[in-house]
Novice: 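To start, I am sharing the structure in question, which I have written as structure tokens.
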Protein chains: 2
Amino acid sequence: MAPLYKNLQTIFETVQRFVEINQKEWEAVLPYVEVQQLQKHDFLLKPGHICRKMFFLLSGYTRIYSQSPTGEVTRDINKPSTFLTALPSYISEKPSQEIIQCVTKVEVLIISKEHLEGLFYQFHNWERLGRLIIQEMYMDTQQRLYDFIHLTAEDRYRKLLKDHKDLMDHIPLGYIASFLGISPPSLSRIRKQLLNINTN
Amino acid sequence: MAPLYKNLQTIFETVQRFVEINQKEWEAVLPYVEVQQLQKHDFLLKPGHICRKMFFLLSGYTRIYSQSPTGEVTRDINKPSTFLTALPSYISEKPSQEIIQCVTKVEVLIISKEHLEGLFYQFHNWERLGRLIIQEMYMDTQQRLYDFIHLTAEDRYRKLLKDHKDLMDHIPLGYIASFLGISPPSLSRIRKQLLNINTN
DNA sequence: ATGCTTTTTTAACAAATGGTAAAGGAATTC
DNA sequence: GAATTCCTTTACCATTTGTTAAAAAAGCAT
């Protein structure tokens, strides 16, 4: 099996969860999809650059963060089989406040905004896929917001453990802490506390 | 000017910010749009019901909240000219955890899921509108999440004051506190503190 | 392996926020 | 417009989380 074909298999499965894409619609994308390998700490999007790409994470983990006066804020952590981009920059075509960085070795599919928007324009079905995917992303974010409002930091961590245990094996604690909205010492404390509970 | 026409004018202007909808596309919606007047404390969606509607808020304010063991959690506050629904229930067609309630007297446009999905199916352009609107909602939510991560409660309140001062005149402090992720006494303290700073 | 760098944990203290209950103020209803 | 209900403020203390700095641990490179 050729490597590109195998990679397309992954995205194919993800996409079919939302809509049925036919032969012709698939063939329309093929010429525009590029695979890229990156190393830990490489950037998918560097600070100040305009994001004109949509990514699909085949393997590895990335994070989206921005610089604030007090340090870095990790707003999102991405795992395999997810779409990602720095949407505000992608939409506005202005320099991005957000930075996309590989946390591990990474393989991504890349399609340019130009071609993606072309697909959306040309095929109703791709447009629909776009809607359904962002709709799901929206719901995830709403849920996370809800958790920020009414869960304690400890409960948010518990939930992360429960739903995304794999992150613990790949993502430094500092990023996870920021993602949860707390400082690294706080997360370390919480972690220790949970250990004691589980041990006794 | 007939009342329905005037109401459609409002949504027309909102929609045209995203896409150009032609005569035919508009006419396809008209038969399915209903206007409704509601009183303060009325429900657009009651607890446990399945949400099969999309709303467009013409006037007044609503909130989306859910019941938690510790009390109500106001996850969102909506102002005029916004679309709203309880998306998880709308998508899954399961009973909603989320409740949509009028905070003031309200006028809404209502379209059923059945008809809306029909429009999406029939008209590429309506589908696109759906994508663009939810995309914007997604960006708003991401920004709010970002604020939860790296701003203090006081800064979140300041920002709300700066960007949505109108809420202060229409929304009880308790709802705003919950929306900001803090307790009413905390918000009251913060408010007092800001008053002192501005006075001296 | 050894030394260097980065990450994580720990500790001590400071600050922010939560919970509760009571008092004060506003709004609503009859 | 008086009474009632609901909303907001205040005060108290408990708890959580932040900040800083140093120590321990882990990861990386030569």
Side-chain angles (χ1 to χ4, degrees), chain A residues 39-42 60-61 63 65 68-74 77 101-105 146-161 167-199, chain B residues 38-42 60-61 63 65 68-74 77 101-105 147-161 167-199:
Chain A
Q39 294 305 311
K40 191 201 280 207
H41 297 149
D42 282 354
Y61 292 82
R63 66 175 182 132
Y65 70 98
S68 93
T70 51
E72 290 176 359
V73 182
T74 293
I77 296 174
Q101 189 186 29
C102 300
V103 179
T104 64
K105 242 184 168 192
Y146 182 78
D147 292 345
F148 264 99
I149 293 177
H150 93 296
L151 296 184
T152 62
E154 181 176 329
D155 288 338
R156 292 202 297 279
Y157 176 68
R158 279 193 142 102
K159 197 168 173 184
L160 190 68
L161 259 188
L167 296 191
M168 302 308 148
D169 304 327
H170 302 286
I171 315 290
L173 168 141
Y175 298 164
I176 293 179
S178 180
F179 179 75
L180 291 171
I182 57 181
S183 65
S186 274
L187 180 52
S188 199
R189 252 179 320 210
I190 288 171
R191 214 183 217 183
K192 188 182 173 192
Q193 211 173 317
L194 288 188
L195 256 179
N196 291 337
I197 291 170
N198 291 334
T199 313
Chain B
L38 295 108
Q39 295 304 312
K40 191 202 277 206
H41 296 150
D42 284 354
Y61 291 82
R63 66 177 181 129
Y65 71 100
S68 94
T70 51
E72 291 177 358
V73 183
T74 293
I77 297 173
Q101 189 185 29
C102 301
V103 180
T104 64
K105 245 184 163 188
D147 292 345
F148 264 98
I149 294 177
H150 93 296
L151 297 185
T152 63
E154 180 175 328
D155 286 339
R156 292 201 297 281
Y157 176 68
R158 280 194 142 101
K159 197 167 173 184
L160 190 68
L161 260 187
L167 297 191
M168 303 307 148
D169 304 327
H170 303 286
I171 316 291
L173 167 141
Y175 299 163
I176 293 179
S178 180
F179 179 77
L180 291 172
I182 56 181
S183 64
S186 274
L187 180 51
S188 200
R189 252 180 320 213
I190 287 170
R191 213 183 219 180
K192 187 182 171 191
Q193 211 175 316
L194 288 188
L195 255 179
N196 291 336
I197 292 169
N198 290 334
T199 313

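Naming: A, B, ... by sequence-line order, numbering from 1 per chain.
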Novice: Could you tell me the separation between the CG atom of A/Leu187 and the C1' atom of C/dT9, rounded to a whole number of Å?
Specialist: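 A/Leu187 atom CG is separated from C/dT9 atom C1' by 11 Å.
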Novice: So does B/Tyr61 get a backbone contact from the side chain of B/Thr104, meaning a donor-acceptor N/O pair under 3.5 Å?
Specialist: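 Yes: the side chain of B/Thr104 pairs with the backbone of B/Tyr61.
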Novice: Output the rounded distance in Å from CG (B/Leu180) to P (C/dG18).
Specialist: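 From B/Leu180 CG to C/dG18 P: 11 Å.
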Novice: Taking any heavy-atom pair under 4.0 Å as a contact, classify B/Gly181: base, sugar-phosphate, or nothing.
Specialist: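 The residue B/Gly181 makes sugar-phosphate contact but no base contact.
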Novice: What's the NE2-C1' distance between A/His150 and C/dT17, to the nearest Å?
Specialist: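 One finds 17 Å between C1' of C/dT17 and NE2 of A/His150, rounded.
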Novice: For the side chain of A/Pro172, starting at C-beta, report the closest nucleotide among C/dG18, C/dT9, C/dT8.
Specialist: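 Selected nucleotide (nearest to the side chain): C/dT8.
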Novice: Round to the nearest Å and state the distance from A/Lys192 atom NZ to C/dT9 atom P.
Specialist: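 So the two atoms are 10 Å apart, to the nearest Å.
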Novice: For DNA chain D, which nucleotides open and close the run of contacts to chain B, 5' to 3', at under 4.0 angstrom from a non-hydrogen atom?
Specialist: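 Going 5' to 3' along DNA chain D, contacts run D/dT8 to D/dC12.
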Novice: Within a strict 4.5 Å, meaning less than it, do heavy atoms of the A/Ile190 and A/Leu180 side chains meet?
Specialist: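 Of all side-chain heavy-atom pairs linking A/Leu180 with A/Ile190, none is under 4.5 Å.
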Novice: C/dT6 P sits how many Å from A/Leu173 CG, rounded?
Specialist: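 Those two atoms, CG and P, are 17 Å apart.
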Novice: Of A/Arg189 and B/Pro184, whose nearest nucleotide on DNA chain D comes first from the 5' end?
Specialist: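 Closer to the 5' end of DNA chain D: B/Pro184.
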Novice: Tell me the interatomic distance from A/Ile176, atom CD1, to C/dT9, atom P, rounded to whole angstroms.
Specialist: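 Distance check: A/Ile176 CD1 to C/dT9 P gives 10 Å.
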Novice: Closest nucleotide of DNA chain D for B/Gly174 versus for A/Arg156: which of these residues is on the 5' side?
Specialist: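 Result: B/Gly174.
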Novice: Could you check whether any side-chain heavy atom of B/Tyr175 comes within less than 4.5 Å of a side-chain heavy atom of B/Gln101, counting everything from C-beta outward?
Specialist: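 When only atoms from C-beta onward are counted, B/Gln101 and B/Tyr175 do touch, with a gap below 4.5 Å.
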Novice: I want to confirm an ordering. Mapping B/Lys40 and B/Ala153 to their closest nucleotides on DNA chain C, which one lands closer to the 5' end?
Specialist: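 On the 5' side of the pair lies B/Ala153.
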Novice: May I have the distance from A/Leu195 (atom CG) to C/dT10 (atom C1'), rounded to whole angstrom?
Specialist: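 Rounded to whole Å, this separation is 14 Å.
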Novice: What I want to check is whether the side chains of A/Arg189 and A/Ser186 have a donor and an acceptor closer together than 3.5 Å.
Specialist: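 Their side chains do contain a donor-acceptor pair, which is all the 3.5 Å distance test asks for.
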Novice: With a 4.5 Å cut-off on side-chain heavy atoms, are A/Phe179 and A/Ile171 touching?
Specialist: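 A/Ile171 does not reach A/Phe179 side chain to side chain.
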Novice: Base, sugar-phosphate, or nothing: which does A/Arg191 touch, judged by heavy atoms less than 4.0 Å apart?
Specialist: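 Result for A/Arg191 = sugar-phosphate.
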Novice: Determine whether A/Leu160 and A/Met168 make a side-chain contact, defined as any pair of heavy atoms from C-beta on separated by less than 4.5 Å.
Specialist: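 Yes; the side chains approach each other to less than 4.5 Å.
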Novice: For C/dG18 and B/Ser183 - does any side-chain N or O of the residue sit under 4.0 Å from the phosphate oxygens OP1/OP2?
Specialist: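 Yes, B/Ser183 has a side-chain N/O under 4.0 Å of OP1/OP2 on C/dG18.
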Novice: Whole Å only: how far is the NE2 atom of A/His41 from the C1' atom of C/dT7?
Specialist: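 The answer, rounded to whole Å, is 11 Å.
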Novice: Taking the side chain as C-beta and beyond, is there a heavy-atom pair between A/Arg158 and A/Leu194 under 4.5 Å?
Specialist: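 The answer is yes; the side chains approach within 4.5 Å.
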